[in-house]
Number of protein chains: 2
Amino acid sequence: MLSKKAKYALKALLYLARHQQEGLILISDIAEKERIPRKFLEAILVDLKTNGLLQSVRGKKGGYALVKNPAEVSVGSVIRMIDGPLAPIPCVSHLYYRKCDECIDEATCEIRIVMKKVRDATADILDSTFLSDLDKINTFLEE
Amino acid sequence: MLSKKAKYALKALLYLARHQQEGLILISDIAEKERIPRKFLEAILVDLKTNGLLQSVRGKKGGYALVKNPAEVSVGSVIRMIDGPLAPIPCVSHLYYRKCDECIDEATCEIRIVMKKVRDATADILDSTFLSDLDKINTFLEE
DNA sequence: CTTAATCTCTATAGAAATTATAGACAAATA
DNA sequence: TATTTGTCTATAATTTCTATAGAGATTAAG
C-alpha cells in the first residue's frame, strides 16, 4: 500500500510544480488546497527538502519551491524517499536489499522469484513516470 | 509490502502441495518445518480453509490437506485472501474498489492513473502464477 | 468409556507503523 | 520590534500486524 504520507508528498509536489512560476508557496496554501493536515505536511516537506527536491525560505515572504525540474523527478524516487522500498519483500529490493526475517534459505525461496517480478514491473512503471507526466494528465483534460 | 501472514500462508500451502500424497498433515509439522509460529499458523490455516483451499480433520490422526489442485491456486488469490487488495491504493482495485479517504476528485487524480498501471502489472503476474509454478522451481533445482 | 491427540474458538496482548498534533524556536521582512 | 513564516522536538492517537494463552470440540485407539 502507498501510505497517505507518500500520497500527500506527491500531491504537494504536483501542486508546487503547477505553481512553479509563482515563486515561493506557503505551506498553508498547499495544506488547504490539497486538503493535507497542516502539521503533517510540514514534516513531509522537510523530508522532501532534505532529499534535495525542494528549497525553502523562512520568515515573512517565505515559503517552498521546487528545486528540480518536474521532468527529472520520478514517482518512484518520491515513494522511496517517503515509504522506502518498492519491493513487496525486502530480499528483492535493489536499493534497500535486506534478508527477510523469516526466510530459511533465500536460494530456494519460491516466493522470492515471483515477488522479484512484481518489484521489477512496479519499478519499471514508477521509475519511468515523472511529475511532469502526471501534470500533463490534467492539462490535457483542461484543453 | 507482503505481510508475514501472507508469506506464511504461501509457505504452508506449498508445504501441503509438496506433501499432497501423504494424506493429512499436522499443523505442528508445517509450523516446525517452515518455522512459522504455531498458534499464528493455526489462524492462517482456518482462514485458508474458510476460503475453500484446505480441508481438515479433527482429533487423533487428524490434520490438514489441500483441496484444490496446486495448478488452480494462484498466488494472487492467496494474497488477496490474507492481505486484501493487490492495488497500492483502494480506488484502483478491481475486486475491492473503494474511494480513497483523502481523495478530492477521483476523475482528476493524477496519482490514480499511474497506480492503476502498477495494480494491473502486479495482478497480471500474481494471477497467472500458481502454486504449481512455484513448486517447480525447487523440483527443477533438485534434478 | 477413558485417554491422548488433534483441530477450533475466543480473547487478548504486545509490538510496530502510521497518522496526526502541540508548542516552543529561529529567521526574515517591514 | 512585531508579524509572518518555516523548523525542531516531543508526543499522542490510531491502526495494523504479529503472536500467544487456554479452554473446547472431535476423533481414534485401547
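Quick caveat: nothing in here was measured; it's all calculated off a predicted structure. Only this structure's heavy atoms are used, side chains among them; waters, hydrogens and symmetry mates stay out. Within every chain, numbering begins at 1; the chains are lettered A, B, ... in the order of the sequence lines, protein sequences first and strands thereafter.
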Sub-3.5 Å donor-acceptor pair from the side chain of [X] to the main-chain atoms of [Y], do we have one?
X        : Y        : value
A:Ser128 : A:Asp124 : yes
A:Lys4   : A:Tyr8   : no
A:Arg98  : A:Cys91  : no
A:Asp47  : A:Ala43  : no
A:Asn51  : A:Leu53  : no

Candidate nucleotides [options], ranked by approach to the side chain of [X] - the nearest:
X       : options               : result
A:Ile27 : D:dA19, D:dG6, C:dT6  : D:dG6
A:Phe40 : D:dT7, D:dA23, C:dT19 : C:dT19
A:Ser3  : C:dT19, D:dG6, C:dT8  : C:dT19
A:Val46 : D:dG6, D:dC8, D:dA23  : D:dC8
B:Glu42 : D:dA19, C:dC9, C:dA22 : C:dC9
A:Tyr64 : D:dT18, C:dT19, D:dG6 : D:dG6

Contact check, residues 82-97 of chain A vs DNA chain D, heavy-atom distance under 4.0 Å, returns none
[X] side chain near [N] phosphate (N/O to OP1/OP2, under 4.0 Å):
X       : N      : result
A:Tyr8  : C:dA20 : yes
A:Ser56 : D:dT5  : no
B:Lys49 : C:dT8  : yes

With rounding to the nearest 0.5 angstrom, report the [atom1] to [atom2] distance, [X] to [Y].
X        : Y        : atom1 : atom2 : result
A:Met115 : B:Thr122 : CE    : OG1   : 9.5 Å
A:Leu45  : A:Ile27  : CG    : CD1   : 5.5 Å
A:Leu14  : A:Ser132 : CG    : OG    : 10.0 Å

Find the distance [X]:[atom1] to [N]:[atom2] and express it as a whole number of Å.
X        : N      : atom1 : atom2 : answer
A:Glu102 : D:dC17 : CD    : P     : 15 Å
A:Asp29  : D:dT5  : CG    : C1'   : 12 Å
B:Asp47  : D:dC17 : CG    : C1'   : 14 Å
B:Ile44  : D:dC17 : CD1   : P     : 13 Å

Using a 4.0 Å heavy-atom cut-off across all strands, classify B:Lys4 as base, sugar-phosphate, or nothing.
-> sugar-phosphate
Which part of the nucleic acid, if any, lies within reach of A:Leu45 when heavy atoms closer than 4.0 Å are counted: base, sugar-phosphate only, or nothing?
-> nothing
So, are B:Asp83 and B:Lys7 salt-bridged, with charged N and O less than 4.0 Å apart?
-> no
Ion pair check, B:Glu106 and B:Arg112, cut-off under 4.0 Å | yes
Is there any protein nitrogen or oxygen under 3.5 Å from a nitrogen or oxygen in nucleotides 28-30 of chain D, and what are the pairs?
none

